[in-house]
Visitor: 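Below you will find the structure I want to go over with you.
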Protein chains: 2
Amino acid sequence: MNSEVLPRTRAARKPFEVRRAEIVRKAASFFAQFGFDATTRDLANWLGTTQPLMYRYFPSKNALIEEIYQSIFVGAWKKEWDALLSDRTRPVRERLVEFYDQYTDVIMNSEWMRLYLFAGLRGVDITRLYIARVEERIIRPVMREMAADIGTTITPENEPKLLELAWSLQGGIFYYGVRKFVYGTAVYQEKHEMIATSVDVYASSWPKA
Amino acid sequence: MNSEVLPRTRAARKPFEVRRAEIVRKAASFFAQFGFDATTRDLANWLGTTQPLMYRYFPSKNALIEEIYQSIFVGAWKKEWDALLSDRTRPVRERLVEFYDQYTDVIMNSEWMRLYLFAGLRGVDITRLYIARVEERIIRPVMREMAADIGTTITPENEPKLLELAWSLQGGIFYYGVRKFVYGTAVYQEKHEMIATSVDVYASSWPKA
DNA sequence: CCCTAGCTTTATCACACGATAAATAAACAA
DNA sequence: TTGTTTATTTATCGTGTGATAAAGCTAGGG
């Protein structure tokens, strides 16, 4: 990044919480583009302020990054999704498609996916935590609802296979997003179509379809 | 990384090509662990040499990184895989399972997968090139062989769906590797079992199974 | 055994980095 | 209008960075 410091007009004075929230929001898109090793000077330029300003709001660069993690990963989950996934008044395939439509509306964009991958490679705990959450709130509910629909019981014997099947659905959908938003390569179906097909294939993989 | 420079014994003197190859190989595992922003001093410490030595063999840090890309991405493909995938004397599912068993033996390790993700986030051309290659040498052959086996014709109408179906197989398998080798989280089946199941599900998604 | 080619190290440069302290200026209350 | 508060900027520190130049050392040929 080229940090040309052109003659700047003094940054507008803003209330503490407003500026703080603005820094978190804009820094997220900045680090998503340039990685967490990008400099605080370039960040300041991106924000339209000067470099030391950040230190009024966060004790260190890393503290700011931690805050971004929180806003991105913890804020991703919408609590109505738990109810949506387990609403047995509706056909299970319909629920799964609607859930993945909504979930991917949140995570399938360049900013979210790149921050997720950057964080994962940094080896921060929050990504392992996030995967554990995905398993608890998506993978296992999906298994449970499919099992209930088909009339199968989850046993210690078939559980490993069922877990990996559900993870495979998740992974297939996720990788579509990686291709499109991280690598910028071609995809051949709209998101919704791809999800519908994936859910169909997944549901059909259970014994009595 | 802590670059403690303990009293070192002078590095063994080695012929040009030997040392050069050693640097590429060891630097690959170094950058896989610490990312491409890790310093040349820490790299030298990792190699058991001093920092300026690298510059006898590569004009810049980035030139070394480019060489690592080549060795990892171009070197990944084994030419017998083309023949394996299209060997119509054998059942198609068997071929797909054997191919993915072998392919994942090469790429499913912490070093390969982390370098792949690091490179992708850096936005280097080689990753887009690699994805194009995957599509040409895996995705399309898989489609073609399945179509031939089932007796279906690939048309402009069904091609997008068939492409995404094959990508979904690839993505599901790949994400298993990401979970295991990048995030270090639990997986519930051995690699071979997961592949066998995935290929089965994929094959069954075609009309006449 | 010595000598030279060339592999390896020491010393150093110019600059970029995260972070801190002190000065400046804009908003708001009296 | 004036005084106080606090958001923002300027100036700077100590350290780490990729890279270069010159000196040091070791293996192999004679």
Side-chain angles (χ1 to χ4, degrees), chain A residues 1-28 30-31 33-69 118 122 124, chain B residues 1-28 30-31 33-69 118 122 124:
Chain A
M1 237 201 137
N2 207 348
S3 51
E4 326 181 17
V5 178
L6 301 165
R8 293 183 37 256
T9 60
R10 192 184 180 89
R13 187 189 169 103
K14 296 179 185 176
F16 189 86
E17 285 304 330
V18 172
R19 173 71 76 191
R20 190 182 151 89
E22 179 186 302
I23 292 178
V24 174
R25 186 170 42 79
K26 289 192 180 172
F30 171 78
F31 286 126
Q33 253 188 70
F34 304 105
F36 292 118
D37 291 307
T39 73
T40 56
R41 279 172 180 80
D42 287 338
L43 169 60
N45 200 35
W46 181 269
L47 295 170
T49 67
T50 54
Q51 183 253 353
L53 185 66
M54 184 196 100
Y55 291 91
R56 275 266 176 234
Y57 300 89
F58 305 94
S60 68
K61 179 184 175 183
N62 219 61
L64 168 58
I65 291 173
E66 287 293 328
E67 198 108 351
I68 293 172
Y69 289 157
F118 273 126
R122 275 199 144 200
V124 289
Chain B
M1 237 201 135
N2 206 345
S3 51
E4 326 180 17
V5 178
L6 302 163
R8 295 184 36 258
T9 60
R10 192 183 179 91
R13 188 190 168 101
K14 296 179 184 176
F16 189 85
E17 285 303 331
V18 172
R19 172 70 75 191
R20 190 183 150 89
E22 179 186 303
I23 291 177
V24 174
R25 186 170 42 79
K26 289 191 180 171
F30 171 78
F31 286 125
Q33 255 188 69
F34 304 106
F36 292 117
D37 291 306
T39 72
T40 55
R41 279 170 180 81
D42 286 338
L43 169 60
N45 200 35
W46 181 271
L47 295 169
T49 67
T50 53
Q51 184 253 353
L53 185 66
M54 185 197 99
Y55 291 91
R56 275 267 177 233
Y57 300 88
F58 305 94
S60 68
K61 179 184 175 182
N62 219 60
L64 167 59
I65 291 173
E66 287 293 328
E67 198 108 352
I68 292 172
Y69 289 156
F118 273 125
R122 275 196 144 203
V124 288

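In what follows, chains are A, B, ... by sequence order, proteins preceding strands, each numbered from 1.
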Visitor: Measure across A:F31 and A:I68 and return the closest heavy-atom pair with its distance rounded to 0.1 Å.
Guide: CD1-CD1, 3.6 Å

Visitor: In Å, rounded to the nearest 0.5 Å, how long is the span from OG1 of B:T39 to NZ of B:K61?
Guide: 7.0 Å

Visitor: Quick one: are A:R19 and A:R13 in side-chain contact, heavy atoms under 4.5 Å?
Guide: no

Visitor: Report the distance from atom CG of A:L43 to atom C1' of C:dA19, rounded to the nearest whole Å.
Guide: 14 Å

Visitor: Give the ring-plane orientation class for B:Y69 versus B:F36, where under 30° counts as parallel, over 60° as perpendicular and anything between as tilted.
Guide: perpendicular

Visitor: Using whole Å, report how far CG of B:D42 lies from C1' of D:dG18.
Guide: 13 Å

Visitor: Between the protein and nucleotides 8-12 of chain C, list every N/O to N/O distance that falls short of 3.5 Å.
Guide:
{"unit_1": "C:dT8", "atom_1": "OP1", "unit_2": "B:A12", "atom_2": "O", "d": "2.7"}
{"unit_1": "C:dT8", "atom_1": "OP1", "unit_2": "B:K14", "atom_2": "N", "d": "3.0"}
{"unit_1": "C:dT8", "atom_1": "OP1", "unit_2": "B:R19", "atom_2": "NE", "d": "3.3"}
{"unit_1": "C:dT8", "atom_1": "OP1", "unit_2": "B:R19", "atom_2": "NH2", "d": "2.6"}
{"unit_1": "C:dT8", "atom_1": "OP2", "unit_2": "B:R19", "atom_2": "NE", "d": "3.2"}
{"unit_1": "C:dT8", "atom_1": "OP2", "unit_2": "B:Y57", "atom_2": "OH", "d": "2.7"}
{"unit_1": "C:dT8", "atom_1": "O2", "unit_2": "B:R10", "atom_2": "NH2", "d": "3.4"}
{"unit_1": "C:dT8", "atom_1": "O4", "unit_2": "B:R56", "atom_2": "NH2", "d": "3.3"}
{"unit_1": "C:dT9", "atom_1": "OP1", "unit_2": "B:R8", "atom_2": "NH2", "d": "2.7"}
{"unit_1": "C:dT9", "atom_1": "OP1", "unit_2": "B:A11", "atom_2": "N", "d": "3.0"}
{"unit_1": "C:dT9", "atom_1": "OP2", "unit_2": "B:T50", "atom_2": "N", "d": "3.1"}
{"unit_1": "C:dT9", "atom_1": "OP2", "unit_2": "B:T50", "atom_2": "OG1", "d": "3.0"}

Visitor: What integer distance in Å separates A:L64:CG from C:dA19:P?
Guide: 10 Å

Visitor: How many Å lie between CZ on B:F34 and P on D:dT17, as a whole number?
Guide: 13 Å

Visitor: Round to a whole Å and report the spacing from OH of A:Y55 to C1' of D:dA7.
Guide: 18 Å

Visitor: Could you tell me the separation between the CZ atom of A:F36 and the P atom of C:dG18, rounded to a whole number of Å?
Guide: 14 Å

Visitor: Can you tell me the distance, in whole Å, between the CG atom of B:D37 and the P atom of C:dG18?
Guide: 11 Å

Visitor: Measuring from atom CG of A:L53 to atom OG1 of A:T40, what distance do you get when rounded to the nearest 0.5 angstrom?
Guide: 11.5 Å

Visitor: Could you give the CD1-to-P distance, from B:I23 to C:dC7, as a whole number of Å?
Guide: 11 Å

Visitor: For a quick test of reading the model, state the closest non-hydrogen atom pair linking B:F16 to B:R56 and the distance between them.
Guide: CE1-O, 3.9 Å

